[in-house]
Amino acid sequence: MTTEKAAMRDLLREARAREGAMVRLLGRFVRCESPSCDKTAVDRFGAVVAKEWRRRGATVKILKQRLRGDHLRVEMAAGTGRGVGRRDRRGAHRGEGQILVLGHLDTVYPIGTIAKMPFRVAGGKAWGPGTFDMKGGLVLALAAVDALRTAGVRTRKRVVFLWTSDEEIGSETSRRPIECEARRSDAVLVLEPSLGREGRLKTQRKGVGGAEVIVTGRAAHAGIEPEKGVNAVHELALQIARLMKMNDRARGITVQATVAEGGTTTNVVPERARASIDIRFSKVADAARIERGLRGLRPILRGARVEVRMGALRPPLERTAGVRGLFRVARGLMGEMGLTLGEAATGGGSDGNFTGALGVPTLDGLGAVGDGAHSSREHVVVRELGVRATLLAGLMARL
């Protein structure tokens with residue numbers, strides 16, 4: 001057995017020995033609820049997470065926010081001990097550079113959910129709100145550092161963990177610090193949930209955006225003089241039909257009207273109508289094309305007015321050469337543990353989209369194995385916690 005393979009087996013043994021402690025810590029994290037729009041709750045949970053990192057000697061910086069929860073920047077200097085990474089020409093492990101590990105503190109669940117969905121362990125799974133997305137990932141990061149230290153394995157580079165507070169609601173306040181740290185980094189590891197029961201990593205994500213189409217017509221009595229009105233609902237329906245032609249499955253573009261409303265009562269020609277539009281795309285270059293199409297909408301019915309309000313667009317995570325290279329390293333590490341690893345594309349976005357768009361190699365889906373995100377079925381598979389912590393530890397040491 002090679003030295004590197006032996007080191008990975010040592011890490012796996014250390015991590016598996018900690019699975020009980022990982023589940024107990026996950027229970028503490030889940031019971032400390034942290035809905036995105038409740039700053040007090042998110043900050044309370046952030047304090048719990050910060051305490052765990054300070055116990056491990058990390059440097060913790062709180063990035064204060066006025067309206068949203070505070071973000072946490074955690075730094076671990078390059079470690080000491082036996083290395084699992086590549087050496088330079090003189091046989092020494094190098095310590096320059098930075099690895100960024102991304103995750104978020106917030107969840108989609110309102111305060112009080114824990115009373116209806118209590119944390120529990122049953123059938124080899126840990127259940128509860130936020131277990132999978134993504135408090136399990138936060139636990140894995142701590143377990144990875146613990147395993148590295150206990151096994152005497154060093155990291156070649158400084159590792160920065162950025163735990164943000166608003167990923168579930170668009171990352172409005174966290175995008176800037178995420179991109180700032182990414183520009184300093186050689187690679188980004190994202191602890192969002194893995195995909196499927198096999199725990200596949202996410203090497204490609206669609207870009208995500210939204211828009212609102214607002215139509216103004218003219219009200220009139222629907223039964224007596226409808227000809228004097230301009231039906232805003234009719235105009236909106238025509239515009240939605242036009243939008244549907246923007247879908248391009250081959251290019252990975254989807255444009256869908258997801259929420260529509262209009263009118264006031266049954267006997268009035270509706271004066272106003274609106275629709276929310278969900279936008280997904282696979283290539284950065286397609287974002288401008290989609291925006292031009294939306295902004296180019298013009299009224300079809302005489303007398304109608306159409307307004308388009310564009311929301312922020314989260315760029316796609318493309319499967320670049322850098323992403324493929326990171327995945328090969330991860331797959332190799334799993335092989336050293338005698339395990340396999342797959343990859344997949346997904347239509348959902350994450351903060352890894354931002355870092356990938358900057359050209360920084362980004363590997364996503366490194367979090368827990370489980371299912372049921374954002375639902376009463378949310379859970380993680382306990383027996384996979386040690387494996388995922390070991391994979392993260394190996395990446396931190398090898399890159």
Side-chain angles (χ1 to χ4, degrees), residues 36-37 108-110 166-172 175 204-318 345-350 353 357 373-376:
S36 305
C37 295
V108 300
Y109 300 95
D166 60 355
E167 192 274 347
E168 296 289 6
I169 52 174
S171 308
E172 182 179 354
R175 180 172 181 173
Q204 186 175 354
R205 283 183 178 270
K206 285 189 175 183
V208 181
E212 185 178 36
V213 177
I214 302 169
V215 175
T216 303
R218 184 167 58 248
H221 195 292
I224 299 175
E225 45 187 13
E227 70 282 356
K228 293 185 177 180
V230 178
N231 192 316
V233 170
H234 184 189
E235 176 70 33
L236 180 63
L238 294 172
Q239 295 295 340
I240 291 173
R242 179 180 282 175
L243 289 175
M244 295 303 291
K245 295 178 181 178
M246 295 176 64
N247 286 277
D248 188 335
R249 185 175 181 180
R251 294 185 65 86
I253 296 172
T254 61
V255 181
Q256 295 290 310
T258 53
V259 178
E261 60 183 20
T264 55
T265 189
T266 57
N267 61 352
V268 176
V269 174
E271 183 176 20
R272 290 181 63 82
R274 58 174 294 278
S276 297
I277 311 299
D278 180 88
I279 303 165
R280 311 273 166 156
F281 51 99
S282 297
K283 302 290 184 182
V284 172
D286 286 329
R289 172 188 171 190
I290 294 168
E291 184 168 352
R292 283 196 302 273
L294 283 162
R295 293 194 183 280
L297 293 179
R298 296 293 181 265
I300 296 173
L301 300 179
R302 180 174 295 181
R305 297 196 306 275
V306 176
E307 177 187 1
V308 176
R309 297 177 182 174
M310 292 295 302
L313 293 178
R314 188 187 295 258
L317 171 62
E318 298 190 42
T346 178
S350 83
N353 293 45
H374 301 189
S375 79
S376 60

Taking the side chain from [X] and the backbone from [Y], do they hold a donor-acceptor pair closer than 3.5 Å?
X      : Y      : answer
Asn267 : Ala222 : no
Arg205 : Thr346 : no
Gln239 : Arg298 : yes
Glu212 : Arg309 : no
Arg218 : Lys228 : yes
Asn231 : Val269 : no
Glu318 : Ala357 : no

In Å, rounded to the nearest 0.5 Å, how long is the span from [atom1] of [X] to [atom2] of [Y]?
X      : Y      : atom1 : atom2 : result
Met246 : Leu297 : CE    : CG    : 7.5 Å
Ile277 : Leu243 : CD1   : CG    : 5.0 Å
Ile253 : Lys206 : CD1   : NZ    : 9.0 Å
Ile290 : Lys283 : CD1   : NZ    : 13.0 Å
Gln204 : Leu317 : CD    : CG    : 7.5 Å
Ile300 : Leu238 : CD1   : CG    : 4.5 Å

Exercise: identify the closest heavy-atom pair between [X] and [Y]:
X      : Y      : result
Val208 : Gly347 : CG2-O, 4.2 Å
Gly263 : Val233 : N-CG2, 4.2 Å
Gly303 : Val230 : C-CG1, 4.0 Å
Ala287 : Phe281 : CB-CE1, 3.7 Å
Leu294 : Ala211 : CD1-CB, 4.1 Å
Ala219 : Val268 : CB-CG1, 4.2 Å

Would you check if [X] and [Y] make a side-chain contact, meaning some heavy-atom pair closer than 4.5 Å?
X      : Y      : answer
Arg314 : Arg175 : no
Ser36  : Val108 : no
Pro270 : Thr264 : no
Asp248 : Asp286 : no
His234 : Val215 : no

Between Glu307 and Arg305, does a salt bridge (Lys or Arg N to Asp or Glu O under 4.0 Å) hold up when you go through it step by step?
CA-CA 7 Å; Glu307 177 187 1; Arg305 297 196 306 275; over 6 Å; no
Those residues that, when tested against His221, pass side chain to side chain donor-acceptor pair (under 3.5 Å) (two or more places apart)
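Side chain to side chain donor-acceptor pair (under 3.5 Å) list for His221, sorted by chain: empty.
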Go through the side-chain N and O atoms of Ser282 and Arg280 and say whether any donor and acceptor fall under 3.5 Å apart.
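Distance-only check fails for Ser282 and Arg280.
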